[in-house]
Number of protein chains: 2
Amino acid sequence: MVTLATVSKVAGVSTATVSRVLNQPHKVDRNTRQVVEKAIEKLGYRPNQYARGLASKTSKTIGVIVNRFSSTYYGFMLDGVEEALVEYGYKTLAESSRETAEGENQALLSLIDRQCDALVIHTNKLTDIELAQYQNKARPIVFMNRKVQACENESIYLDNKSAGQLAASYLLQKGHTSFAMVTGPKSYHESVSRTNGFISTLKEHAITIDKDCIIESDFTVQGGYDSLCRLLKQQKHFTAIFFHNDEMAAGAYKACREHGIAIPSQISILGFDDAVIASHLTPGLTTIEQPLAEIGRASGLLALSLLKNKPEIFQGSKLFTATVKERDSVKDINRE
Amino acid sequence: MVTLATVSKVAGVSTATVSRVLNQPHKVDRNTRQVVEKAIEKLGYRPNQYARGLASKTSKTIGVIVNRFSSTYYGFMLDGVEEALVEYGYKTLAESSRETAEGENQALLSLIDRQCDALVIHTNKLTDIELAQYQNKARPIVFMNRKVQACENESIYLDNKSAGQLAASYLLQKGHTSFAMVTGPKSYHESVSRTNGFISTLKEHAITIDKDCIIESDFTVQGGYDSLCRLLKQQKHFTAIFFHNDEMAAGAYKACREHGIAIPSQISILGFDDAVIASHLTPGLTTIEQPLAEIGRASGLLALSLLKNKPEIFQGSKLFTATVKERDSVKDINRE
DNA sequence: GTGATATATGTAAGCGCTTACATCAAGTTA
DNA sequence: TAACTTGATGTAAGCGCTTACATATATCAC
């Protein structure tokens, strides 16, 4: 095995010098540096990251937690984080929590055990209070797409209230005046904020939404399907439904097909996320787009900036805004 | 900071004993063990994985390489790998190659630097010869969904030739006799095998496929769209098209919509993968399903079994078979 | 009781690095 | 020229673990 010592012997210098050319090259004489670099090259030496980490107490690695890998929702954020870190020579250690509180805790501990210099985590199950306890100057934790009370400086997230308002404004602008909404679980802060935003804008226009027309669901296709069936059964009147994500909207498409309801002529549907499926649905799903990759990227950069204590690395805003991705699932009633 | 030494002092034993209760508890007396465990608990001690790795030359970590995270294709495999490893107390260190040869090389080296005990990699760019050079008894490398010559024992993959045959048989069974095919890049072994399988079965039925009706594309939605447009321009006759993945098939849906061609009445479409979008397309895309999560799981298990030299961990077959996931995009011509 | 065997624990030498500190040569100042 | 910088390099002490080996104690056959 080729170690620092091997290189130092071949190069005829001390191990300290070799270590210096690796970590603080400016402190080594040009000629010596070249000799060492040649030896490294020749031997194909690669530093042992564990020895490095043990000695320096830093791993050049940032741990990331997501619910699971098999959803592009997390995939886009992960790609964003990795992209940001690669630029700075940092590695991503990604772990999934498998959507359980226990998984989130375990992943958190395990990433800390692995000496991650910082953490970028997306969590749903742990409470703000539990999360705040993990915060620690030595090892910054960035909360990705979540606002954690008492850790707002380390939270990167979408302005979900504005996004809800945007959804309402958009539908109003298209002439709709009577609505339904299928939300995510109330335990998710996103759901609550989106709901509040949506309702508040309606209120501004003196429109109220029937309590029965707000259904709490679970972000799944099946959940969306079930919710739509329930809404139909109630026989309440509405011309547009706002779904808190595209999967649920896709479930609604299926239910509509089965009930012979045409989108958007009989019912308008507005999704959320701009997931991959949104463009493949027929008609194309109009949806509130959130910049997931950007959010991931920002989270990565924020982690680095906190870690290195260099504010210049992360300059932008911690709050992201959603936009409307217009396709064909919302009818413009004004044009009738 | 709480270290092994802290625990040993509190428990009144040597560090060796503490280390033993952590790694080989049966070698420690019941009473001593309890005392130590209590101390660990009380102090909230967590072993430093870097020190552990340095001393033991093992990291209990398996490195995984995928093209990127933002595709469920890789996501499902990743989830599969992680699921398998978690059972055995191993961690997943996932890195993306960003679909470049350089990225694949870098990721490979970087995971080795990080002392991964084994690697599970999905690569497209590196050649069999390059990959074989990385193989090494000390650190097994499993090739996920790829057959690498000279490393067949470490390759877990779909039987793409049979899958191609299955595609042909299915379409034949539905009464089709005239075909087109849109393949993935020829540089991908999957594309070649699927093509060969497809053609060979047709040949068995004395059917040939016009060279112009086989189009090489790139696995993207846009690629599928373009390919269909090209096929239509040629004015050749065919009733069914076999696409090498669902994204391309989705692109074809779009092209059909624009050209006013009805699926499946005017043209039948068969996809590959059973991606998430397949069920959301209208009509539902009939597709050749490959068990990605299973392939990931098997890869993880194989890596563990090679690593620990315990054949019993990985028992199954290294070759997976595709199945038909039937939806509504293939017309049954017999029923006319 | 003796020697052999098994079981439990401790001692201490690393694992491959980083880095504070020491050393030394060469240049600078008055 | 003596005293002081400065820059380049070396020495060696860890970082927090694991583990081969040594030691101590208990058990057992005879």
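Naming convention: chains lettered A, B, ... in sequence-line order (proteins, then strands); numbering from 1 in each chain. Quantities reported herein were computed from a predicted structural model and do not represent experimental measurements. FYI, side chains are in, hydrogens and waters are out, and symmetry mates aren't considered; it's all heavy atoms of this structure.
- For DNA chain C, none of the residues of residues 107-118 of chain A falls under the heavy-atom distance limit of 4.0 Å.
- Rounding to whole angstrom units, CZ of residue A/Arg30 and P of D/dT9 are separated by 13 Å.
- Between B/Lys125 and B/Glu104 there is no salt bridge, since no side-chain N of the basic residue sits under 4.0 Å from a carboxylate O of the acidic one.
- Atom-to-atom, CG of B/Asn31 to C1' of C/dT9 comes out at 14 Å; the value is rounded to the nearest Å.
- B/Ser97 and B/Arg68 are not linked by any side-chain donor-acceptor pair at a separation below 3.5 angstrom, with hydrogens and angles left out of the test.
- The residues A/Arg46 and B/Asp113 are annotated as salt-bridged, a charged nitrogen and a carboxylate oxygen being separated by less than 4.0 angstrom.
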N/O donor-acceptor pairs under 3.5 Å from side chains in residues 2-12 of chain A, not counting sequence neighbours:
{"residue": "A/Thr3", "atom": "OG1", "partner": "A/Ala5", "partner atom": "N", "Å": "3.2"}
{"residue": "A/Thr3", "atom": "OG1", "partner": "A/Thr6", "partner atom": "OG1", "Å": "3.4"}
{"residue": "A/Thr6", "atom": "OG1", "partner": "A/Thr3", "partner atom": "N", "Å": "2.8"}
{"residue": "A/Thr6", "atom": "OG1", "partner": "A/Thr3", "partner atom": "O", "Å": "3.2"}
{"residue": "A/Ser8", "atom": "OG", "partner": "A/Ala5", "partner atom": "O", "Å": "2.8"}

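- Between the side chains of B/Asn145 and B/Tyr73, at least one donor N or O lies within less than 3.5 Å of an accepting N or O.
- Annotation: side chain of B/Gln115 is not in contact with side chain of A/Gln49 (no heavy-atom distance under 4.5 Å).
- For the pair B/Lys27 NZ and C/dT9 P, the computed distance is 13 Å after rounding to whole Å.
- Atom NZ of B/Lys9 is separated from atom C1' of C/dT11 by 16 Å (rounded to the nearest Å).
- B/Arg146 meets the salt bridge (charged side-chain N to carboxylate O under 4.0 Å, His left out) test with B/Asp128; sequence neighbours excluded.
- In this model, a donor atom of one side chain and an acceptor atom of the other lie less than 3.5 Å apart for A/Glu130 and A/Thr127.
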Which parts of nucleotides 12-22 of chain D does protein reach within less than 4.0 Å, heavy atoms only, written one letter per nucleotide 5' to 3' as B for base, S for sugar-phosphate only and - for none?
B-BBBBBBB--

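- Checked against a 6.0 Å centroid threshold, the rings of A/Tyr188 and A/Phe219 count as neighbours.
- Computed from C1' positions of five pairs at each end, the angle between the two local axes of the helix from C/dG1-D/dC30 to C/dA30-D/dT1 equals 40°, rounded to 10 degrees.
- Counting only heavy atoms from C-beta outward, the side chains of B/Val36 and B/Val13 approach each other to under 4.5 Å.
- Applying a 4.0 Å cut-off to non-hydrogen atoms, none of the residues of residues 35-43 of chain B approaches DNA chain D.
- The NE2 atom of B/His26 sits 14 Å away from the C1' atom of C/dA6 (whole-angstrom rounding).
- Under the 4.0 Å criterion applied to side-chain N and carboxylate O atoms, B/Glu154 and B/Lys147 are not assigned as salt-bridge partners.
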